[in-house]
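The structure under discussion appears below in the form of structure tokens.
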2 protein chains.
Amino acid sequence: MQQHTETEENYLKAIYHLSNVTISSVNTSSIATSMSTTSASVTDMLKKLAEKELINYEKYKGVKITRKGEKVALNIIRKHRLWEVFLTKVLKFEWDEVHTMAEELEHVSSDELIKRLEAYLDFPKFDPHGDPIPDQSGKLELNDQMSLSSGETGAKYTITGVGEHSSAFLKHLAKYGLKPGITVSIAEIMEFDKSMLVKVNKEKFHLSLEVSKNILVKKYGAI
Amino acid sequence: MQQHTETEENYLKAIYHLSNVTISSVNTSSIATSMSTTSASVTDMLKKLAEKELINYEKYKGVKITRKGEKVALNIIRKHRLWEVFLTKVLKFEWDEVHTMAEELEHVSSDELIKRLEAYLDFPKFDPHGDPIPDQSGKLELNDQMSLSSGETGAKYTITGVGEHSSAFLKHLAKYGLKPGITVSIAEIMEFDKSMLVKVNKEKFHLSLEVSKNILVKKYGAI
DNA sequence: ATATTATTTTAGACAAATCTAAAAATAAAA
DNA sequence: TTTTATTTTTAGATTTGTCTAAAATAATAT
Ligand SMILES: [Mn+2]
Ligand SMILES: [Mn+2]
Ligand SMILES: [Mn+2]
Ligand SMILES: [Mn+2]
């Protein structure tokens with residue numbers, strides 16, 4: 001059904017993700033950074049993706065993903081996240097262990113396989129990191145979440161996801177028992193460095209701004 | 001842990017399988033045929049595999065797989081067959097549908113993943129086609145099976161596997177309800193073309209020699 | 001507005017895997 | 001044992017994805 005190389009798929013996914021943080025078009029160097037490669041290599045690939053009409057690309061003007069490219073990207077992301085659910089829920093991996101494996105599994109081509117996997121997992125709506133799973137047509141329900149760093153003293157919040165997916169960060173959170181579903185309340189916010197003291201089941205932890213920024217939450221009790 | 005490309009893995013697997021049908025060393029053209037490529041390409045790859053000490057290769061003398069190469073091949077086969085079990089047992093695919101998907105899944109690198117998958121599947125010893133699944137160390141119990149074509153009139157046999165894995169052949173067997181675990185008895189063997197009449201639960205089917213040759217069985221009741 | 005700096009693109013090379021066509025070696029036949 | 005046929009290897013190209021270094025363009029500072 002699709003005829004894109006694993007590399008093309010990885011580039012498209014990166015471009016899709018960058019499109020969601022960037023207001024204007026995505027520039028070459030940001031793609032290079034996120035793919036751990038050189039700008040020269042990125043330029044080469046951009047030409048190829050443009051040729052296939054997966055992106056709109058103008059020399060020196062950066063790149064915008066097309067509807068067609070977005071659909072491909074969303075399908076990879078769908079596979080990635082469903083496999084992550086499989087790895088945690090069925091094979092009992094920790095949420096900080098699954099990303100690298102899903103990075104490979106997402107390229108397994110069969111759409112029928114992923115359809116059955118989705119049904120077997122009982123149509124999960126979110127992956128272990130709180131990220132929404134696109135359906136077959138590419139639709140995804142984006143839950144309006146906020147950063148814990150913008151929370152208020154005394155308020156209670158439920159963790160819905162993370163803004164940073166590195167294993168280092170996830171392991172750090174795991175040490176405090178912090179992950180999606182857990183409820184925290186802000187005990188105190190330090191004026192000086194915006195770090196905060198949070199309470200989780202009677203235990204208190206000190207979180208730096210760097211950390212609280214990357215914890216996504218919604219108000220406790222909100223839908 | 002290992003640093004072999006997907007292509008190298010596929011070549012090694014092919015060489016391993018050919019080694020089990022060939023008494024002497026495996027020759028270039030048979031590898032080319034089984035890989036659907038040219039002899040020239042095979043020669044190139046043989047040099048690379050020899051360089052890595054996965055095979056012993058002498059110009060014009062064919063190739064013998066080394067212990068090291070065998071271990072790599074068996075690990076790929078292990079993954080292939082465990083994924084096939086997953087696809088049939090868990091995701092309810094038919095046994096004639098799973099091969100192509102497993103062909104991709106077998107290259108997913110994590111050994112820990114396959115270890116957990118194996119445990120989740122409750123340590124299956126055979127794949128859906130009756131082929132034995134190597135354990136972590138590469139050991140596999142080869143069940144001494146015979147071809148149905150060498151069976152005797154009146155005798156009862158239990159299907160243990162197939163000698164041909166093409167989807168076409170498997171679909172053909174599926175039409176008669178023939179697959180591993182099913183018991184058949186030979187009602188009659190035609191002198192002329194060695195075709196046979198077999199009985200399966202009161203139904204009778206006519207099997208050509210081409211077909212009966214590729215059905216592997218053991219005597220009914222044998223261990 | 002011009003100079004300086006940063007970003008992006010091209011040019012040229014390389015490794016991996018493949019191919020076709022030609023040369024070399026081996027096997028089979030006469 | 002020659003000759004012929006088959007198999008295997010080499011030579012030379014091609015495609016994909018990558019790299020470094022240099023050239024071109026755009027952004028920023030003076
Ligand atoms: Mn990937
Ligand atoms: Mn995730
Ligand atoms: Mn394969
Ligand atoms: Mn099989």
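So you know, we letter chains A, B, ... as the sequences are listed, proteins then strands, and number each from 1.
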Could you check whether A:Ser110 and A:Glu112, counting side-chain N and O atoms only, form a donor-acceptor pair closer than 3.5 Å? no
Rounded off to whole Å, could you give me the CG-to-P distance for the A:Asn27 and D:dA27 pair? 11 Å
So, is B:Ser29 near the phosphate of D:dT6, with a side-chain N or O under 4.0 Å from OP1 or OP2? no
Would you say C:dA16 has OP1 or OP2 under 4.0 Å from some side-chain N or O of B:Tyr11? no
Output yes when at least one side-chain N/O atom of A:Thr43 is less than 4.0 Å from OP1 or OP2 of C:dT9, else no. yes
Separation of B:Lys47 atom NZ from C:dA16 atom P, in whole Å? 14 Å
Indicate whether any N or O donor in one side chain lies under 3.5 Å from an N or O acceptor in the other, for A:Ser30 and A:Thr33. no
Quickly work out the A:Glu9 CD to D:dT16 P distance and round it to whole Å. 16 Å
Closest to the B:Ala40 side chain, choosing from D:dT10, C:dT8, D:dT8: D:dT10
With the side chain defined as heavy atoms from C-beta on, A:Thr38 is closest, among D:dT20, C:dT18, D:dT9, to D:dT20
Just compare D:dT16, C:dA24, C:dC19 and give me whichever is closest to any side-chain atom of B:Tyr60. C:dA24
Between A:Glu8 (side chain) and A:Thr5 (backbone), is there a donor-acceptor pair under 3.5 Å? yes
Whole angstrom is fine here: how far is it from CG in B:Asp44 over to P in D:dT10? 9 Å
Considering only heavy side-chain atoms of B:Tyr57, the closest of D:dT9, C:dA16, C:dT18 is D:dT9
Side chains of A:His99 and A:His129: do they bring a donor and an acceptor to under 3.5 Å? no
Separation of A:Glu8 atom CD from D:dT18 atom C1', in whole Å? 14 Å
Please confirm whether the shortest side-chain N or O distance from B:Thr28 to OP1 or OP2 of D:dT9 is below 4.0 Å. yes
B:Glu58 has an atom CD; how far is it from atom C1' of C:dT26, in whole Å? 14 Å
Angle between ring planes, B:Phe169 versus B:His172, binned at 30° and 60°: parallel, tilted or perpendicular? parallel
Phosphate OP1/OP2 of D:dA24 contacted by A:Lys59 side-chain N/O (<4.0 Å): no
Between CD of B:Glu6 and C1' of C:dT18 the distance, given in whole Å, is 15 Å
For B:Met45 and D:dT9, give me the distance from atom CE to atom P, rounded to whole Å. 14 Å
Please tell me if A:Ser39 has a side-chain N or O lying less than 4.0 Å from either OP1 or OP2 of C:dT7. no
The nucleotide from D:dT18, D:dT7, D:dT9 with an atom nearest the side chain of A:Thr37 is D:dT18
